[in-house]
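Everything below concerns the one structure shown next.
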Amino acid sequence: MIRYALVTGGSRGIGRAICEKLAEEGFHLLINYRSEDAAAEETLQRVKALGADGELLKFDVADTAATQTALSSWAEAHPDAYIEVVVNNAGIRRDNLMVWMPAQDWSQVLNVTLGGFFNVTQPLLQPMLTHRRGRIINIVSLSGLKGLPGQTNYSAAKGGLIAATKALSQEVAKRGVTVNAIAPGFIATDMTADLEEKELKKQIPVGRFGKPEEVAALAAFLASDSAAYITGEVISINGGLY
Ligand code: NDP
C-alpha cells in the first residue's frame, strides 16, 4: 500500500528537507508550493533520486477555494488512498513594527499560517479518522512561543497555530491521529537569508543557525509509529535559544 504525505511549502527550505526525509522513510510525497515551479521540480527530482515517488500540488494554502479544489481533485483521482501525514509548513514573514504595519501584512501572514492550516487540514481529517491513523505536524516558531518585536503578525499567527495544535489534538486522539507542533529558532533558509547571521548567532547557545535537515529529522520522527503517544506537544528546535 502506498503511504501518502503532504508537505505544504515543500518546494524550498525546511519543507524541501522534510520531503526528502519522508521520502527516505518510504512515503509518496505530495509537494505543495505556491509559485516557484523550478524549485518544486527540484524537490521532486530529489525525492525520486532517493528511490521514492511524488507529485507536485501547486496551490495557495491561503486560498480556501483553490485548496479545496486541489485536495478534492486528488482524492477523486485516488479513491482508495488517503493522506496519512500532513506537514503544515508553508509560511511567510512580513516583519515590521506594529506602528507601521499595513493591514495587508497582518492579514496575509495570518491567512497563510492559520488560514492555510485550516484549509489544508480540515478536508484531510475525516479520512484520517476513518483509517484510524494520521499525523498532523505544524511548523510554528520560537516567535509564537515568546513573541518577538517586529513580528506581531507572525507571532500571532504561530501562537494561534500552537493553540490550534493543542485543541485539535484532543479532538482526534482516540482515533489514532496525533497533532504536534515544531517550533524552530533560526534555521538557514531563504526566509532567514536577509538576517544578520553573524550577529544573531552570538545569542544562540549552540553558536550557529540550525539546518533544515535537523528540523526534518524531528518531523519524520513525529510522523513515525514510534511517536504514537506524543500529541498536543510543541517541540522546540532552536540550539538552546529561548
Ligand atoms: P522559505 O521561505 O524558505 O520557504 C517557504 C515555502 O513555503 C516555499 O516552498 C513557498 O513556496 C511556500 N509557501 C509560501 N507561501 C505559500 C502559500 N501561500 N501557499 C503554498 N505555499 C507557500 O521558508 P522556510 O523553509 O524558512 O520556512 C518554512 C516554515 O518554517 C515556515 O512556516 C516558517 O514560518 C517556519 N519557520 C522558519 C524558520 C527559519 O528560521 N527559517 C524559523 C521558525 C519557523 P513558493 O516558493 O512556491 O512561494
Side-chain angles (χ1 to χ4, degrees), residues 6-21 29-44 46 56-71 86-95 105 107-121 137-148 151 153-162 165 181-197 200-201 203-204 206 208-216 218-219 234-239 241-242:
L6 167 63
V7 180
T8 70
S11 59
R12 294 187 283 120
I14 293 170
R16 172 184 280 172
I18 294 173
C19 287
E20 291 184 86
K21 189 67 188 165
L29 266 301
L30 309 181
I31 304 162
N32 160 259
Y33 67 110
R34 181 188 46 182
S35 55
E36 290 198 24
D37 298 318
E41 188 57 41
E42 163 79 18
T43 303
L44 180 59
R46 289 179 183 219
L56 303 181
L57 276 187
K58 182 178 182 177
F59 61 87
D60 179 348
V61 297
D63 183 333
T64 307
T67 305
Q68 276 173 354
T69 303
L71 294 179
V86 59
V87 184
N88 289 300
N89 166 77
I92 56 167
R93 270 176 49 207
R94 293 286 182 272
D95 295 356
D105 285 2
S107 50
Q108 271 181 8
V109 169
L110 264 77
N111 289 346
V112 173
T113 293
L114 276 180
F117 160 75
F118 179 82
N119 292 339
V120 171
T121 308
I137 300 165
N138 299 323
I139 308 298
V140 295
S141 171
L142 175 60
S143 188
L145 286 167
K146 67 179 281 189
L148 289 176
Q151 293 197 319
N153 49 359
Y154 187 81
S155 299
K158 296 299 193 180
L161 188 49
I162 288 170
T165 300
I182 295 177
F186 291 110
I187 308 296
T189 68
D190 294 344
M191 186 179 271
T192 50
D194 62 331
L195 302 182
E196 293 289 338
E197 181 169 348
L200 287 168
K201 71 184 186 187
Q203 303 167 20
I204 305 170
V206 169
R208 62 172 175 85
F209 278 17
K211 301 175 194 159
E213 299 73 34
E214 292 171 318
V215 181
L218 177 54
V234 186
I235 303 178
S236 289
I237 177 159
N238 56 23
L241 176 73
Y242 284 95

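Just follow the structure's listing: the first ligand is 1, and inside any ligand the first atom is 1.
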- Message: N88: which residues meet the side chain to side chain donor-acceptor pair (under 3.5 Å) condition with it, sequence neighbours left out?
- Response: T121, N138
- Task: List in chain and number order the residues that pass side-chain contact (heavy atoms from CB on, under 4.5 Å) with T64, two or more places apart in sequence or in another chain; answer none if no residue qualifies.
- Result: Q68, N119
- Message: Going by salt bridge (charged side-chain N to carboxylate O under 4.0 Å, His left out), name the residues that satisfy it together with R208, two or more places apart in sequence or in a different chain.
- Response: E214
- Note on the structure: Here the gap from K58 atom NZ to D37 atom CG, rounded to the nearest 0.5 Å, amounts to 3.5 Å
- Item | Pairing of E20 and R16 as salt bridge, 4.0 angstrom limit | no
- Are a donor atom and an acceptor atom from the side chains of E36 and S11 found within less than 3.5 Å of each other? no
- Note on the structure: Contact set, ligand 1, heavy-atom distance under 4.0 Å, ordered by chain/number, equals G9, S11, R12, G13, I14, N32, Y33, R34, S35, E36, F59, D60, V61, N89, A90, G91, I92, V112, I139, V140, S141, Y154, K158, P184, G185, F186, I187, T189, D190, M191, T192
